[in-house]
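These notes are about the structure you will find just below.
Keep in mind that what you see is a predicted model, and the values were worked out from it rather than measured. The basis for the numbers below is simple: all heavy atoms, side chains too, and nothing from hydrogens, waters or symmetry mates. Note on naming: letters A, B, ... go to the chains in the order of the sequence lines (proteins, then strands), and numbering restarts at 1 for each one.
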There are 2 protein chains.
Amino acid sequence: MSSNKNNLTKILKISGLRNTPQRQAILDELNRTRDHRDVEEIYFSLKKKGIKVSRATVYRTLELFVNHYLIRRLDLGEGKYRYESRESDHHDHIVCLDCNKITEFMNNRIEELQEEVAQENGFFLKRHVHQLFGHCLNETCPNK
Amino acid sequence: MSSNKNNLTKILKISGLRNTPQRQAILDELNRTRDHRDVEEIYFSLKKKGIKVSRATVYRTLELFVNHYLIRRLDLGEGKYRYESRESDHHDHIVCLDCNKITEFMNNRIEELQEEVAQENGFFLKRHVHQLFGHCLNETCPNK
DNA sequence: AAATTCTTTGAGACTCATTCTCAACAACAT
DNA sequence: ATGTTGTTGAGAATGAGTCTCAAAGAATTT
């Protein structure tokens, strides 16, 4: 935590930026879990903890962190973004159409094929968006 | 054209819906090209052709057609949807980060692996979103 | 520790895509 | 042709995200 704080302060300083309680709290909040959170969830989590922060700051800070590769931004086709910690490795997502459960997956062969496809089409691949949507077989899922 | 009109009329009738000049025009407009168009583009194309239509109708009709598998809806991460004809086969997209050129691709092995991944994770796969983003090697692209 | 500098924040206005409301309109069956 | 009922248009409403600007507060300097 305290080493984390120093970390963030250092990273920001390189770009002439300052660390603040709000920035630290937002990063800690995302790193605390592997969840995929949207802005409202993050905003209210911080509020509940008594941290003084505005929505504008949450939006600005998340964008800042995405640009500095401190967190990842997800677009799961909901009309809004979700954010996740970068403490886990790269992965893509399967989403249940019934209960919205988000499961992470990683397939090396698919990753390789994406590179091949990009090359074949004359592209230098920078990133990808890959989501599977389906029905999960969970007992607790409303479709069962 | 006229067989097309009869077609759409029949399809809609099955669900107790009616064909209208607006609906026919929107479907024709999308089927006319392989392009990936957003609502404003479609709306203004129709306006330019002198077709009386409102944005609300364009939105409603596109959703109706997506639900009836007459067209496909694309989310290329732009904060708005694009729509394309279903006269082409299934494919995914590579988007150039510099010139926004959209290239279609289709890789059978990736499609198979998506099925495997879904199965491994206890999902019955319904659909997927798969986009690659990179830099294209086009002469006309602003990054060259 | 105080002064200085310059970044950051909060509140609310604003934008943009999309959805909703409802009265007027118009397909289609009979 | 007429009636029933689905459809449209105009604009209000919504929701996510961005912008503005004065006040607040990091970090540096004295």
Side-chain angles (χ1 to χ4, degrees), chain A residues 2 5-27 29 36-44 46-47 49-68 70-71 73-83, chain B residues 2 4-27 29 36-47 49-68 70-71 73-83:
Chain A
S2 115
K5 178 183 162 83
N6 293 332
N7 249 346
L8 180 56
T9 302
K10 279 179 207 154
I11 291 166
L12 292 172
K13 185 184 271 183
I14 293 167
S15 308
L17 302 175
R18 296 169 185 175
N19 197 359
T20 64
Q22 290 87 348
R23 287 179 176 173
Q24 189 65 55
I26 291 168
L27 186 57
E29 184 61 31
H36 318 83
R37 332 264 293 274
D38 65 29
V39 169
E40 288 299 289
E41 289 167 5
I42 296 165
Y43 173 70
F44 283 114
L46 297 178
K47 279 294 189 193
K49 290 180 180 163
I51 291 160
K52 183 180 174 301
V53 70
S54 66
R55 277 189 181 76
T57 293
V58 175
Y59 276 105
R60 279 184 294 229
T61 302
L62 290 170
E63 181 171 12
L64 175 69
F65 287 173
V66 168
N67 291 338
H68 280 72
L70 292 167
I71 61 175
R73 162 180 279 161
L74 313 178
D75 179 353
L76 300 179
E78 303 168 290
K80 65 183 172 189
Y81 291 116
R82 290 184 177 273
Y83 298 85
Chain B
S2 113
N4 236 349
K5 179 183 162 81
N6 292 332
N7 248 346
L8 180 57
T9 302
K10 281 178 205 154
I11 291 166
L12 292 172
K13 183 184 274 182
I14 292 167
S15 309
L17 301 174
R18 296 167 184 173
N19 198 359
T20 64
Q22 289 87 347
R23 288 178 175 173
Q24 190 63 55
I26 291 167
L27 186 57
E29 183 61 30
H36 317 85
R37 331 264 293 273
D38 65 29
V39 169
E40 289 300 288
E41 289 167 6
I42 296 165
Y43 173 70
F44 283 114
S45 287
L46 297 178
K47 280 295 188 193
K49 288 178 181 165
I51 291 160
K52 185 181 173 298
V53 71
S54 66
R55 277 188 183 78
T57 294
V58 175
Y59 276 104
R60 280 185 295 233
T61 302
L62 290 170
E63 180 172 12
L64 177 69
F65 288 172
V66 168
N67 291 338
H68 280 73
L70 293 167
I71 61 176
R73 160 180 282 162
L74 312 179
D75 180 353
L76 300 180
E78 302 169 290
K80 64 184 173 186
Y81 291 117
R82 290 184 178 274
Y83 298 86

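- Between A/I51 and A/A25 the shortest heavy-atom distance is CD1-CB, 3.7 Å.
- In terms of heavy-atom proximity, A/K80 sits nearest to A/D75 at O-OD1, 4.5 Å.
- Take the nearest nucleotide of DNA chain C for B/K80 and for A/V58: the residue whose nucleotide is more 5' is A/V58.
- Across all non-hydrogen atoms, the minimal contact from A/N19 to A/L12 is CA-CD1, 3.7 Å.
- B/R37 places no side-chain N or O within donor-acceptor distance of the main-chain N or O of B/I42, the cut-off being under 3.5 Å.
- Side-chain atoms of A/Q24 never come within 3.5 Å of backbone atoms of A/P21 as a donor-acceptor pair (strictly under, hydrogens ignored).
- Looking only at distances, a side-chain donor or acceptor of A/R23 sits under 3.5 Å from a matching main-chain atom of A/R18.
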### Task
Go along nucleotides 18-30 of chain D 5' to 3' and tag each nucleotide: B for a protein heavy atom under 4.0 Å from its base, S when only backbone or sugar atoms are that close, - otherwise.
BBB----BBSS--
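- Nucleotide C/dA27 holds its C1' atom 17 Å from the CD1 atom of B/I11, rounded to whole Å.
- With rounding to whole Å, B/L12 atom CG is found 13 Å from C/dA27 atom P.
- Counting all heavy atoms, side chain and backbone alike, B/L62 lies closest to B/V39 at CD1-CG2, 3.8 Å.
- The distance between atom CD of A/E78 and atom P of C/dA17, rounded to the nearest whole Å, is 20 Å.
- The shortest non-hydrogen separation linking B/V53 to B/Y43 is O-CE1, 3.5 Å.
- Nearest nucleotide to the A/V39 side chain, out of D/dG9, D/dG17, C/dG10: D/dG17.
- In this structure, CD of A/E40 is placed 9 Å from P of D/dG17, rounded to the nearest angstrom.
- Legend: residues meeting salt bridge (charged side-chain N to carboxylate O under 4.0 Å, His left out) with B/R60, ordered by chain and number and at least two apart, are absent.
- Axis orientation changes by 30° from one end of the helix from C/dA1-D/dT30 to C/dT30-D/dA1 to the other, with each end axis drawn from 5 pairs and the value rounded to 10°.
- Distance NZ (B/K52) to C1' (C/dA26): 11 Å, rounded to an integer number of Å.
- Straight-line distance from the CG atom of A/L64 to the C1' atom of C/dT8: 11 Å, rounded to whole Å.
- The side chain of B/S54 places no N or O atom within less than 4.0 Å of a non-bridging phosphate oxygen (OP1 or OP2) of D/dT8.
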Extract from the structure each pairing of a protein N or O with an N or O of nucleotides 12-15 of chain D at less than 3.5 Å, listing the distance.
none

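- By the salt bridge (charged side-chain N to carboxylate O under 4.0 Å, His left out) test, B/R55 is found to be paired with B/E40, residues two or more places apart in sequence or in another chain being considered.
- Every residue was checked against the side chain to side chain donor-acceptor pair (under 3.5 Å) condition with A/K13, not counting sequence neighbours, and none meets it.
- Regarding A/I51, its CD1 atom lies at a distance of 17 Å from the C1' atom of C/dT8, rounded to whole Å.
- Between B/Q24 atom CD and C/dA26 atom P there is a gap of 18 Å when expressed in whole angstrom units.
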